[in-house]
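See below for the structure under consideration.
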Protein chains: 2
Amino acid sequence: MTIPADTAPGARIVVPVALEGRAYDIQIGRHQLCEAARLIAAMAPGAKVAVVTDERVAALHAPAFEACLQQEGIGFTRITVPPGEATKSYAQFIALCDALLAAKIERDDIVIALGGGVVGDLTGFAAAVLRRGVRFIQIPTTLLAQVDSSVGGKTGINSSHGKNLIGAFHQPALVIADTALLDTLSEREFKAGYAEVVKYGLIDDPAFFDWCEVNWSRIIAGGPERDHAVAVACKAKAAIVARDEREEGDRALLNLGHTFAHALERLTHYDSARLVHGEAVAIGLALAFRFSQRLGLCSGQDATRVSRHLDAVGLPSTLQQVPGGAGTAQEIVAAMGQDKKVRRGVLTFILARGIGQSFIAHGVAAEEVTAFVEAELATNGQAR
Amino acid sequence: MTIPADTAPGARIVVPVALEGRAYDIQIGRHQLCEAARLIAAMAPGAKVAVVTDERVAALHAPAFEACLQQEGIGFTRITVPPGEATKSYAQFIALCDALLAAKIERDDIVIALGGGVVGDLTGFAAAVLRRGVRFIQIPTTLLAQVDSSVGGKTGINSSHGKNLIGAFHQPALVIADTALLDTLSEREFKAGYAEVVKYGLIDDPAFFDWCEVNWSRIIAGGPERDHAVAVACKAKAAIVARDEREEGDRALLNLGHTFAHALERLTHYDSARLVHGEAVAIGLALAFRFSQRLGLCSGQDATRVSRHLDAVGLPSTLQQVPGGAGTAQEIVAAMGQDKKVRRGVLTFILARGIGQSFIAHGVAAEEVTAFVEAELATNGQAR
């Protein structure tokens with residue numbers, strides 16, 4: 001991945017998240033770590049800070065951020081967790097809570113997640129329940145986290161029964177999306193995050209999908225297109241979260257592709273060597289559009305356009321591309337069953353009438369899904 | 001303990017808790033279990049119910065309540081946890097979350113706590129974080145839980161660093177205080193709960209303290225005085241919670257006696273054979289008034305009147321009455337240090353200018369507290 005020439009170091013886009021009583025800003029731009037420290041010092045004079053990060057991110061970015069904290073005279077403790085999805089566990093949750101208590105983080109202090117979605121979800125949940133809630137700041141270091149998990153207040157850990165089944169809605173007090181931090185991502189990790197970027201076009205912004213088709217390689221390369229893409233994604237998510245914080249309606253649209261994705265992640269045992277979340281989402285997006293096509297909701301042209309774009313970017317778009325295989329149709333549908341989106345045993349899906357025309361479909365019959373997945377598996381990835 | 005002749009079985013007092021968007025009722029009266037089932041059926045038609053209880057309460061009250069659920073056609077699962085404060089642990093929290101997931105409790109279903117404060121706090125916390133929050137109903141079976149822990153939405157578990165350090169604010173959808181359930185309590189358990197009843201008089205209701213001095217034995221015996229006392233306590237707590245749900249101000253008044261109490265519980269290792277919460281609170285209330293007296297805030301008459309009433313009821317009111325000893329002054333003050341009420345290392349105390357005239361005192365010096373506790377220990381329980 002080439003590292004772009006920097007745009008003006010101070011340049012940033014501010015996206016407000018309008019939640020009554022808990023409004024906060026997302027600041028997007030390159031080299032924002034010292035700006036983050038400045039904002040923290042202004043927000044909470046005299047507060048202690050716990051910086052929660054993983055071993056990989058700690059080596060890359062923690063010293064730079066901590067130097068900024070020191071410059072502002074902010075006292076801090078660093079807490080490091082292991083990298084990877086397995087960290088979203090009861091055991092790591094307990095270890096983190098106890099480490100925060102040992103660091104004497106009190107109600108007026110601040111917990112910061114410096115890392116990807118795993119660090120953000122785990123840290124946000126710990127901050128939500130530590131002393132029944134302390135302030136929490138997100139500094140996401142992956143594209144996935146910058147455009148999705150760091151915005152909107154969903155936090156949580158996994159249980160043996162499924163992903164994110166234990167958690168809280170706990171809004172951050174601030175999100176700093178420093179797009180320069182993404183320069184250190186592997187191409188695979190960056191592209192996985194890109195699946196969540198393009199999702200916003202597919203949900204309700206066809207013009208953004210058009211723009212992505214033209215500009216995707218410049219988003220990866222960095223520069224103003226990257227900042228623009230992160231800002232569009234954050235604005236779209238902020239608008240939905242402001243309308244429906246607790247996912248009682250509209251917010252479910254953000255799950256486009258995710259019912260399939262969560263099942264695939266479950267069946268590959270959350271093994272990132274096989275499938276990372278964004279790759280599962282890419283397959284899920286393609287499947288959601290082909291399922292919509294099969295149900296007569298969406299044109300074949302649109303479904304094909306979605307798959308073609310994912311293929312062009314180098315993301316998977318078929319069940320055949322799951323390394324080691326995804327399982328049988330029955331296994332895939334069964335793996336959808338234990339999901340928060342299930343209400344009284346009926347499946348809820350996000351389907352689409354076309355690109356940018358997604359909607360929430362309640363009461364989708366399990367047999368319909370099974371028949372569709374069987375057909376997908378039968379194509380051997382050829383029939384498209 | 002004598003069991004009173006029943007008052008009219010349908011009679012009940014309804015106390016509304018006015019929280020915007022999450023208002024709920026506390027219903028107080030004898031024999032309210034089938035009324036609870038009727039309300040649940042009306043509130044959530046078709047919902048599944050998980051009844052969380054402890055082994056002791058299960059034997060006494062679960063079959064009667066489950067018969068009521070059956071009568072209303074409500075499907076339920078019973079989940080039993082061990083009795084005692086040690087149940088408010090990470091391990092029991094995990095076991096309960098997994099049991100609720102195994103019972104396929106979904107977002108529209110209901111989790112019920114049938115038990116004392118331990119069951120209520122643990123169950124409420126699990127309900128707060130299960131699928132990021134499911135509805136929760138309290139059916140408290142101890143006096144302590146009916147007048148304190150079941151109202152107001154504080155839930156949580158203990159850590160090795162202290163009590164209730166991990167938890168959530170999660171308001172119940174309904175509280176049913178069936179005062180007939182209290183007939184099965186031991187005298188010791190009932191009296192411990194009584195400490196939290198009389199606390200409401202000491203905070204801001206001197207007339208209620210007067211009434212308690214006259215009527216305490218009738219509250220224990222049962223009948224209309226018991227229901228009245230529970231209702232007064234719930235009304236007082238509901239009013240404070242409606243003003244300040246998240247304890248950013250006024251709500252801290254409810255902690256009258258609790259800074260001392262939590263330290264004593266910590267030093268006796270939460271061993272209920274030595275000290276139960278309500279007994280620690282009784283000592284804490286007496287100490288808060290004598291400390292206020294020492295600081296020149298409160299008259300000696302009022303401080304003595306508090307201790308005398310606790311003595312008359314048969315509750316402890318001195319450090320000497322802690323079985324096995326409370327520890328040294330230094331140990332007691334150090335044990336206060338790890339408390340949610342600590343902000344930036346400064347102690348916050350609830351002090352009193354007299355009976356019914358409590359207030360929040362920020363910035364109490366640790367040396368003042370140490371000197372007071374040393375003087376208390378030096379009296380050998382004689383000098384009053």
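Residue numbers start from 1 in every chain, and the chains themselves are labelled A, B, ... in the order their sequence lines are given, proteins ahead of strands. Values reported hereafter were calculated over all heavy atoms of this structure, with side chains retained and with hydrogens, waters and symmetry mates removed.
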List the residues meeting salt bridge (Lys or Arg N to Asp or Glu O under 4.0 Å) with B/Arg78, not counting sequence neighbours, and say none if there are none.
B/Glu66

Do A/Leu165 and B/Leu130 have side-chain heavy atoms sitting under 4.5 Å apart?
no

Report yes if the side chains of A/Arg132 and B/Asn164 come closer than 4.5 Å at any heavy-atom pair, otherwise no.
yes

With sequence neighbours left out, write down each residue that passes ring-ring contact (aromatic ring centres under 6.0 Å, His included) with B/Phe349, or none if nothing qualifies.
B/Phe260, B/Phe291

I'd like to check B/Ile94 versus A/Ile94 (side-chain heavy atoms, cut-off strictly below 4.5 Å). Are they in contact?
yes

Once the angle between the rings of A/Tyr90 and B/Phe93 is folded into 0 to 90°, is it parallel (under 30°), tilted (30 to 60°) or perpendicular (over 60°)?
perpendicular

Could you state the interatomic distance from NE2 (B/His161) to CZ (A/Arg131), rounded to the nearest 0.5 Å?
9.5 Å

